[in-house]
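Model, not experiment: these values are computed from the prediction. Naming: A, B, ... by sequence-line order, numbering from 1 per chain. In what follows, every heavy atom counts, from backbone to side chain, and hydrogens, waters and symmetry copies are set aside.
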Protein chains: 2
Amino acid sequence: MSILFSRQCEYALQAIFYLALKPHGELTSIRDITDKLEIPYHFVAKILQDLTRKKLLRSHKGPSGGFSLGKSAKDITIFQIVEAIDGDGFLKNCLFGFPKCDSDNPCSVHEQWEKIREDINKMLTSKSIYEMTNSMKKLQYNGIS
Amino acid sequence: MSILFSRQCEYALQAIFYLALKPHGELTSIRDITDKLEIPYHFVAKILQDLTRKKLLRSHKGPSGGFSLGKSAKDITIFQIVEAIDGDGFLKNCLFGFPKCDSDNPCSVHEQWEKIREDINKMLTSKSIYEMTNSMKKLQYNGIS
DNA sequence: ATATAATCAGATAATATTGTCTTAAATTAC
DNA sequence: GTAATTTAAGACAATATTATCTGATTATAT
């Protein structure tokens, strides 16, 4: 099972990082993405279309067409991608699923989880994917670039 | 959607805390649990049966039967419940779902997520549910006790 | 003993998520 | 302008998760 994010969202993030590792503006086909990342072609196609509608990607049809980032990698955070696919419920809801859990009526981990949630939020928003791919390049991340 | 845990697991945790708030050894029926927590009877019945097989609960058939904790609330951690239902994948797998992600080949949040994961692990293991229900009682948690 | 109230177990159904297939539309290259 | 290649879109299929139904089993209480 996936952890914080849906499978869809995981694929979206993987694809975005794959694109971010490519030279700026270069078009990359779905086939390229899904072959290298070993993730399902048609399913990912839908996800990329969705991200395109939401302006996080740009697409180009026809031979030598494909996808590229919708804006500079310096202006994209992981959170933007996650929010577009899964929403932000993972930063709002009770960890145990209690519908009425809040600070007046807290579950047993309410405060602890709040701190952790802030850390997660920071992790997803404080760096752009540009900054992140930089460190990935150094480490020859996953052999995909 | 649920956050870290499956719906099943959320129900398990809710039920365990509900039981932990009852006087030690008292039997509580599925009906009582699911009515108060407003969660689905038959589905939860299965989950409680599962937890019973795994010795985290004890069950008693017949009139005035029901469920009670399988051992002292002082000896139960949230992690034990989660592990029994969902396993521990959420503390092991890559946040982005990269199958080969490890310290030699890290994803872009590998280290940050590792720290957060440790905090989560601590949250789930460092206190017994007995200690946790104590603070819940003080706060009249969810009006269920 | 008998009726009752509860869990146990297995089948089934409903829903959500993930994944596939087919055809259309657009763009490029020749 | 024609063929080839790529995304777009919608229907469909498979799987996983969540939820329900029915009957059996067990134990209690009278």
In whole angstrom, give the distance that lies between atom [atom1] of [X] and atom [atom2] of [N].
X: E38(A); N: dG19(C); atom1: CD; atom2: P; value: 14 Å
X: L51(A); N: dA8(D); atom1: CG; atom2: P; value: 11 Å
X: E10(B); N: dT17(D); atom1: CD; atom2: P; value: 14 Å
X: D32(A); N: dT7(D); atom1: CG; atom2: P; value: 10 Å
X: Q49(B); N: dA24(D); atom1: CD; atom2: C1'; value: 12 Å
X: F43(B); N: dT15(C); atom1: CZ; atom2: P; value: 15 Å

First of G62(A) and T52(B) reached from the 5' end of DNA chain C, by closest nucleotide: T52(B)
5' precedence on DNA chain C between S59(B) and V44(A) (nearest-nucleotide basis):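 The residue closer to the strand's 5' end, by nearest nucleotide, is S59(B).
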Residue met sooner reading DNA chain D from 5', once H60(A) and Y11(B) are mapped to nucleotides: H60(A)
Polar pair under 3.5 Å, donor/acceptor by atom type, side chain K46(A), base dA8(D): no
Nearest of [options] to any side-chain atom of [X]?
X: R53(A); options: dC8(C), dG19(C), dA9(D); result: dA9(D)
X: P63(B); options: dC8(C), dA27(D), dA8(D); result: dA27(D)
X: S6(B); options: dT28(C), dG10(D), dT18(D); result: dT18(D)
X: K61(B); options: dT18(C), dA26(C), dT26(D); result: dT26(D)
X: I30(B); options: dT27(C), dT7(C), dA8(D); result: dT7(C)
X: F67(A); options: dT4(C), dA8(D), dG19(C); result: dA8(D)
X: R7(A); options: dA19(D), dT18(C), dT7(D); result: dT18(C)
X: S64(B); options: dT28(D), dT18(D), dT7(C); result: dT28(D)
X: H42(A); options: dT20(C), dA19(D), dT18(C); result: dT20(C)

Sugar-phosphate, base or nothing in reach of L48(B), heavy atoms under 4.0 Å: nothing
Any S29(B) side-chain nitrogen or oxygen under 4.0 Å from OP1 or OP2 of dA5(C):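 It does not, given that no N or O in the side chain of S29(B) lies less than 4.0 Å from OP1 or OP2 of dA5(C).
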Y41(B) vs dA6(C): side-chain N/O to OP1/OP2 distance below 4.0 Å: no
Test item: side-chain donor near acceptor, K71(B) and Q80(B), under 3.5 Å: yes
Co-membership, hydrophobic cluster, residues [X] and [Y], 4.5 Å side-chain:
X: F79(B); Y: L51(B); answer: yes
X: F43(A); Y: F98(B); answer: yes
X: L91(B); Y: I81(B); answer: yes

Aromatic plane relationship, F17(A) with F96(B) - under 30° parallel, 30 to 60° tilted, over 60° perpendicular: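 Correct class here is parallel.
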N-O pairing of K115(A) and D119(A) below 4.0 Å: no
